[in-house]
Amino acid sequence: MKVVITDCDHDNIDIEKSIFSEAGISVDLKDVTTEDDVIANCQDADIFIIQYAHITEKVMQNCPRLKFVVRYGVGVDNVDVLAAARYGIQVGNVPDYGMNEVADHAISLALSMIRKIMEMNELTKKDKWDYTKAIPIHRFSEMTVGVIGLGRIGRNFAEKMHSIGFHVIGFDPYYKPTSETKKYVSAVSMDELIVKSDIISIHCPAEENQNLIGAAAFKKMKNSAVLINVARGGIVNEADLKQALENGEIAGAALDCMIGEPVSKDSPLFGLKNLIVTPHMAWYSEEAQKELKRKAAQEAVRFAKGEPIHYPVKYLERKVVKK
């Protein structure tokens, strides 16, 4: 089988080349992302490894040899998974390569917001030494964290937040509590989570969850609540978020994911003082990056050899229904 890496913004593909070479499989890097460019350059591929490339039904129609698409990363919102099922194309991802990093980044953003680190750093360096400007700040054990999406990353985040003292609640219609998870997260309804949480952290997929958090949700949240999104852009309605932050409906937000990445520095959200933004980096550590590259290549090798893949994507299993 022929393997094509449609696009990859890493420094090199040395890890992938090494794995494919050992398996006796050739691999080409094309550096294409649009559906027309993918069609023009990748029609003879049996397997795609993709990062940002859009694998639409049109691509599937015009790449007749395509049998497997594996994505560098967790989200597969740039793949038409339903069309792939109709065309008999398997879709895969690498859901566990950076779960510690994403959870840790969400924790870092949450603690920075509630301890007012960014705000006080700015004030202390530019104005004066005065802790009273941070009032009020509350003890972790008196605060509730709400986790939307209790997959690998959501549970990782929930367990760690519980371990440092927070009361943790979570919503996920597909979550099945176990004796272990009950120790650190209590399942609640979406509405209860929105109303009760001091910190809300989003860890659900983008599929079927566009605009999940919008004006109606912001009006129900505590005025002191902070919102964290390290999942995907579009889950939070950004126009509604801007209004909520400006009107004091919530205290603050921290985003690692936004619509239209890379986002221009002229974004109307960027002028808000109660917003922290990072450039979709929650997944990153040197170790996670190497693991991602290795696992994506290994999945392609398994498929090429007719072996069971480790991370098949099934559409219905990935939905988080709005309830």
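Side-chain atoms are counted along with the backbone in the values below, which use heavy atoms only and exclude waters and symmetry mates.
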Tell me whether [X] is salt-bridged to [Y], with the criterion being a basic N under 4.0 Å from an acidic carboxylate O.
X: Arg294; Y: Glu16; value: no
X: Lys295; Y: Asp96; value: yes
X: Lys293; Y: Asp14; value: no
X: Glu246; Y: Lys242; value: yes
X: Asp127; Y: Lys133; value: no
X: Lys67; Y: Asp46; value: yes
X: Lys183; Y: Glu180; value: yes

Would the number of heavy atoms belonging to other residues, nucleotides or ligands and lying under 6.0 Å from [atom1] of [X] be above 12?
X: Glu22; atom1: CD; result: no
X: Asp44; atom1: CG; result: yes
X: Tyr131; atom1: OH; result: no
X: Lys17; atom1: NZ; result: no
X: Asp11; atom1: CG; result: no
X: Lys160; atom1: NZ; result: yes
X: Met118; atom1: CE; result: no
X: Arg139; atom1: CZ; result: no

Pair [X]-[Y], side-chain donor/acceptor within less than 3.5 Å:
X: Ser189; Y: Asp191; answer: no
X: Asp7; Y: Tyr72; answer: no
X: Asp80; Y: Thr56; answer: no
X: Thr181; Y: Tyr175; answer: yes
X: Glu35; Y: His54; answer: no
X: Asn223; Y: Glu249; answer: no
X: Glu57; Y: Tyr87; answer: yes

### Query
Taking the side chain as C-beta and beyond, is there a heavy-atom pair between Ile13 and Ile5 under 4.5 Å?
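Contact flag for Ile13/Ile5 side chains = yes.
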### Task
Find out whether Glu299 and Ile49 are in side-chain contact, i.e. whether some heavy atom of one side chain is under 4.5 Å from a heavy atom of the other.
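Not touching, per the 4.5 Å side-chain cut-off.
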### Task
Report the relative orientation of the aromatic rings in Tyr184 and His162; use parallel for angles under 30°, tilted for 30 to 60°, perpendicular for over 60°.
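Geometry flag for His162 against Tyr184: tilted rings.
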### Task
On the 0 to 90° scale, with breaks at 30° and 60°, tag the His203-Phe157 ring pair as parallel, tilted or perpendicular.
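Aromatic pair His203/Phe157 classed tilted.
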### Message
Please check this pair: side chain of Glu261 against backbone of Met258, looking for a donor-acceptor N/O pair closer than 3.5 Å.
### Response
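Yes; judged by distance alone, with no hydrogens or angles, the pair exists.
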### Task
Spell out, as yes or no, whether a donor-acceptor pair under 3.5 Å connects the side chain of Asn209 to the backbone of Pro205.
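Such a contact is found between Asn209 side chain and Pro205 backbone.
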### Query
Rounded to the nearest 0.5 Å, what separation is found between the CD atom of Gln51 and the OG1 atom of Thr6?
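OG1 of Thr6 is found 8.5 Å from CD of Gln51.
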### Message
To the closest 0.5 Å, what do you measure between OG1 (Thr34) and CG (Asn41)?
### Response
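That separation rounds to 9.0 Å.
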### Query
Would Val102 end up clustered with Tyr284 when hydrophobic side chains under 4.5 Å apart are linked, directly or stepwise?
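Yes.
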### Query
Can you tell which of Leu255, Asn229, Ile213 makes a side chain to side chain contact (heavy atoms under 4.5 Å, CB included) with Leu241?
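Answer after filtering Leu255, Asn229, Ile213: Leu255.
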### Query
If you take all heavy atoms of Cys204 and Ala231, which pair is closest and at what distance?
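So the minimum-distance heavy-atom pair works out to O-CB, 3.4 Å.
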